Trainee: 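Shown below is the structure under consideration.
Small disclaimer: the values here were computed from a predicted structure and weren't measured. Chain letters run A, B, ... following the sequence lines, proteins first and then strands; every chain starts at 1. Side-chain atoms are counted along with the backbone in the values below, which use heavy atoms only and exclude waters and symmetry mates.
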There are 2 protein chains.
Amino acid sequence: MRSYNQYCSMARALDLVGDRWTLLIVRELLTQGPCRFSDLRRGLPGIASNLLAERLREMESAGLIIRREEPPPVAATLIGLTGRGQDLGSVVRELTRWGAPLMTAPSADDEFRVHWFSLPLRHLCRDGSPDEPAVVVRLGDLYDGCDVIADHGRVDVRPCSTERQPDATVTAPPQVLVALFTGLMPLRTARTKGLVVDGSAAAFDRILPKGEQNHD
Amino acid sequence: MRSYNQYCSMARALDLVGDRWTLLIVRELLTQGPCRFSDLRRGLPGIASNLLAERLREMESAGLIIRREEPPPVAATLIGLTGRGQDLGSVVRELTRWGAPLMTAPSADDEFRVHWFSLPLRHLCRDGSPDEPAVVVRLGDLYDGCDVIADHGRVDVRPCSTERQPDATVTAPPQVLVALFTGLMPLRTARTKGLVVDGSAAAFDRILPKGEQNHD
DNA sequence: CTGGATCCGGGAAGATACTG
DNA sequence: CAGTATCTTCCCGGATCCAG
């Protein structure tokens, strides 16, 4: 992006991250952890490969990301955020919060990835049974999803892990998923609209926002 | 800007405010209050007039700003933020905070406006004499500046007011101003580099960050 | 397969002139 | 003062191709 040529903190920030796609790349790396080039492409439907390559070059020279050659069996270069890049988390969070009221019904050509929802999810889930042993609830699947871990009253949302099998696996249409966790749709309505819980219903119930459990 | 077509809170936010110049227009309206078209142009050096007009149309239809016809003696249309527009304050604040480390020396063709600095200034000033009567310190001048009000331990930064004469008026080269308030430059060095205080030196001293007063 | 590079068309941004 | 009109430039998007 052309510089604004303004001696202003925000203008200089936008000189680095105001380009199209840049903050969405940060979103991907924040929610997914270090990624390979093709992982980023999958999480950024619509981006042209040359544009992604160009953005990554710019972000690397700005000190936002680093590339790490991974030895076999991975044998690929992983792209991860630097500390400075992770500091953009607060910017991403505020944009996400401001955009929340815009999450009306998806249009026909809107794409959706479950892991996009994992940042807001952090603040929407709770641990309804803090005295029980920890549980893992998977939203989506291994290829696009995230794990919600409830443990001792704390809730954590992470990229899917293969280390521990989830206690419950949940799938739902995008809008149902969003409406359920933002409290706009009761669980039993969600069930009628395509929400499916595989495994422990109690585990899923445990992480649902207050007032939305025990509705069926 | 083209839509990202992603059912994601942040992507939808960027569909509305990710365009070039849009967030800088919000910065102007946040720091200056309701403005006329030409005021915005002065605060956004480098923007083309057609582009500003187009952005304002987009922002109006997105519900971020409103236009208000002002009766004489003003006799102009004022552009102000709606509540939704003001909610972007948190986004602007986080971008400004993230960009703070980028405020190294201005380059030769960097523009500067004192009022751009008024947002960070809020968190940098203090009231060093909370028991004294309120004082007003003006940075810059009526045409580009802001008033720092210290009163009962509280600090407020506002657009220049004609209602009350400032107790002190301060001018300094951009980098000196920034370095002084961020604590990187002691007051006496600032004096040798072009900082001028007109009026009550005590009033100015009162608002300087802790550790930076009493240096001369 | 991964991680790009290259080419091209369309549209957004920039510069400038002009107007009610 | 508050824009519009016009022209140019360049970034973005889409497709294709390619080396390891």
Side-chain angles (χ1 to χ4, degrees), chain A residues 1-6 11 14-25 28-29 32 34-61 65-80 109-111 143, chain B residues 1-6 11 14-25 28-29 32 34-62 65-80 109 111 143:
Chain A
M1 173 179 284
R2 282 191 49 148
S3 170
Y4 286 108
N5 285 320
Q6 296 187 357
L14 289 174
D15 281 346
L16 295 186
V17 302
D19 262 318
R20 193 157 164 76
W21 294 107
T22 303
L23 280 175
L24 292 184
I25 294 171
E28 285 303 301
L29 295 172
Q32 298 284 69
C35 283
R36 48 180 75 180
F37 190 88
S38 43
D39 295 329
L40 287 174
R41 279 193 81 171
R42 271 188 288 277
L44 297 165
I47 197 172
S49 62
N50 59 342
L51 205 44
L52 176 55
E54 185 181 332
R55 288 289 174 275
L56 292 177
R57 272 193 299 271
E58 295 164 352
M59 293 171 73
E60 187 172 21
S61 75
I65 60 171
I66 42 166
R67 293 176 210 245
R68 212 175 46 218
E69 300 292 332
E70 212 64 14
V74 180
T77 83
L78 287 189
I79 297 154
D109 49 358
D110 272 0
E111 299 272 353
Y143 304 102
Chain B
M1 174 179 282
R2 283 192 50 147
S3 169
Y4 286 107
N5 286 318
Q6 296 186 356
L14 290 175
D15 282 346
L16 295 187
V17 302
D19 262 319
R20 193 157 163 76
W21 293 108
T22 302
L23 281 175
L24 292 184
I25 294 171
E28 286 303 301
L29 295 171
Q32 298 284 71
C35 282
R36 47 181 77 182
F37 190 89
S38 45
D39 295 329
L40 287 175
R41 281 192 80 172
R42 271 187 287 277
L44 297 165
I47 197 172
S49 59
N50 58 346
L51 203 44
L52 176 55
E54 186 182 331
R55 287 290 174 273
L56 292 178
R57 273 193 298 271
E58 295 165 352
M59 293 171 75
E60 188 172 19
S61 75
I65 60 171
I66 43 167
R67 293 174 211 246
R68 213 173 46 217
E69 300 293 333
E70 212 64 15
V74 180
T77 85
L78 288 189
I79 298 154
D109 48 358
E111 298 275 351
Y143 304 102

Trainee: Which nucleotide wins on minimum distance to the side chain of Arg2(A), given the candidates dG14(D), dG3(D), dG14(C)?
Mentor: dG14(C)

Trainee: Under a 3.5 Å distance rule, please check whether Tyr4(B) uses its side chain to pair with a backbone N or O of Trp21(A) as donor and acceptor.
Mentor: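 Present.
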
Trainee: I want to verify a distance call: between dT2(C), dG3(D), dC12(D), whose nearest atom is closest to the Arg67(B) side chain?
Mentor: dG3(D)

Trainee: Output the rounded distance in Å from CG (Leu24(B)) to P (dG14(C)).
Mentor: 11 Å

Trainee: Determine, for Arg67(B) against Glu69(B), whether the closest basic-nitrogen to carboxylate-oxygen distance falls under 4.0 angstrom.
Mentor: no

Trainee: Rounded to the Å, how far apart are Leu52(B) CG and dA5(D) P?
Mentor: 16 Å

Trainee: Would you tell me if any nitrogen or oxygen in the side chain of Arg36(A) comes within less than 4.0 Å of OP1 or OP2 on dC1(C)?
Mentor: no

Trainee: At less than 4.0 Å, is any side-chain N or O atom of Ser49(B) found next to OP1 or OP2 of dG3(D)? Yes or no.
Mentor: no

Trainee: Let me know the distance between CD of Glu54(A) and P of dG14(D), rounded to the nearest Å.
Mentor: 16 Å

Trainee: For Thr77(B) and Glu58(A), find the nucleotide of DNA chain D closest to each by heavy atoms; which residue's nucleotide sits nearer the 5' end?
Mentor: Thr77(B)

Trainee: What integer distance in Å separates Leu40(A):CG from dT2(C):P?
Mentor: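 Rounded to whole Å, this separation is 12 Å.
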
Trainee: Nearest to the side chain of Asn50(A), heavy atoms from C-beta on, is which of dT2(C), dT6(C), dG14(C)?
Mentor: dT6(C)

Trainee: Of all the choices, dA2(D), dG3(D), dC12(D), which nucleotide is nearest to the side chain of Ala76(B) once you look at every atom?
Mentor: dA2(D)

Trainee: Whole angstrom is fine here: how far is it from CE in Met59(B) over to P in dG3(D)?
Mentor: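 Rounded to whole Å, this separation is 14 Å.
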
Trainee: Check the distance between dC12(D)'s C1' and Ile47(A)'s CD1 and give it to me in whole angstrom.
Mentor: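 My rounded result for the distance is 10 Å.
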
Trainee: When you measure from the side chain of Leu51(B), which nucleotide among dG4(C), dG3(D), dA13(C) comes out closest?
Mentor: dA13(C)

Trainee: For a quick test of reading the model: is some side-chain N or O of Arg57(A) closer than 4.0 Å to OP1 or OP2 of dG3(C)?
Mentor: no

Trainee: Under 4.0 Å, counting only non-hydrogen atoms across every strand here, what does Arg41(A) touch: a base, just sugar-phosphate, or nothing?
Mentor: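 The residue Arg41(A) makes no contact with any strand.
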
Trainee: Considering all heavy atoms of both residues, which atom of Asp15(B) and which atom of Arg2(B) are nearest to each other, and what is their separation?
Mentor: OD1-O, 4.0 Å

Trainee: Please give me the minimum heavy-atom distance between Leu23(A) and Val17(A), naming the atom from each residue.
Mentor: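 So the two residues come closest at CG-O, 3.7 Å.
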
Trainee: One thing to verify: whether Arg57(A) and Glu54(A) come together as a salt bridge, which I'm taking to mean a side-chain N less than 4.0 angstrom from a carboxylate O.
Mentor: no

Trainee: At under 4.0 Å, does any side-chain N or O of Arg20(A) touch on OP1 or OP2 of dG13(D)?
Mentor: yes

Trainee: Which part of the nucleic acid, if any, lies within contact of Ala48(A), taking any heavy atom under 4.0 Å across all strands shown: a base, the sugar-phosphate backbone alone, or nothing?
Mentor: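 Result for Ala48(A) = base.
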
Trainee: Nearest whole angstrom, please: distance from the C1' of dG3(C) to the CD1 of Ile65(A).
Mentor: 13 Å

Trainee: Nearest whole Å is fine: how far is dT2(C) P from Phe37(A) CZ?
Mentor: 11 Å

